[in-house]
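Structure, as structure tokens:
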Amino acid sequence: MYKTVKNLLDKIGQRLNKGQKRSVKAKKNILASFLIKGTSILIGFYMVPLTIGYVDKEQYGVWLTLSSVVGWFSFFDIGLGSGLRNKLALALANDEMEKAKSYVSSTYAILGMIISAILGAFLCDSALFRLAIHFKYYRG
């Protein structure tokens, strides 16, 4: 068994290291990306029963909601991170430091506005929800 696994790993290593330097690096990065994503999925599967074991149903619902909201923030990037990476690399390659600084500050400003809008919406919704509960129970 040990020898079979070792042979398999050796074959994978030979395939990864075959080719030009950039191709080898790309292959290793792709493999690492798959391993990281697979590990993340496994951790998610193990985390559900562990979390349920420590909290009751109501607390688990709150935990799940908060986790979902945090996950949503990755969707609100709208490609700004990728765009910044491309433009910043180009500006740095051309030694245009002022342009690079402008790209970074603009991206942070736009992300800050998006997060502020989302936070404002959550705070308004929370305030309206509390107000509705107040009038529902204390109307008289």
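Note that these values count all heavy atoms, side chains included, but never hydrogens, waters or copies made by symmetry. One is the number of the first residue; the rest follow in order along the sequence.
Residues M47 and W63 meet the side-chain proximity criterion, which asks for heavy atoms closer than 4.5 Å. Two residues are said to be in side-chain contact when any heavy atoms from C-beta on lie closer than 4.5 Å; I114 and L80 meet this criterion.
How far OH of Y108 is from CD1 of I115: 10.5 Å, rounded to the nearest 0.5 Å. Distance check, rounded to the nearest 0.5 Å: CG of D56 to CD of Q59 gives 4.0 Å. For the atom pair L31 CG and I36 CD1, the distance stands at 10.0 Å (nearest 0.5 Å). A distance of 12.0 Å separates NZ in K28 from OG in S23, rounded to the nearest 0.5 Å. Taken from CG in L64 to OG1 in T51, the straight-line distance is 9.5 Å, to the nearest 0.5 Å. Separation of atoms CZ (F34) and OG1 (T39) is listed at 13.0 Å; rounding is to 0.5 Å.
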**Message:** Run K99 and L90 through side chain to side chain contact (heavy atoms under 4.5 Å, CB included) and show every step you take.
**Reply:** CA-CA 10 Å; K99 220 175 198 181; L90 186 63; over 6 Å; no
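No donor-acceptor distance shorter than 3.5 angstrom exists from the side chain of S33 to the backbone of N29, with no hydrogens or angles considered. Checked by atom type and distance alone, the side chain of K27 never pairs as donor or acceptor with a backbone atom of R22 at under 3.5 Å. Between the side chain of S105 and the main chain of S102, a donor-acceptor pair closer than 3.5 Å is present.
The one candidate from R85, E98, K87 that meets the side-chain contact (heavy atoms from CB on, under 4.5 Å) condition with Y103 is K87.
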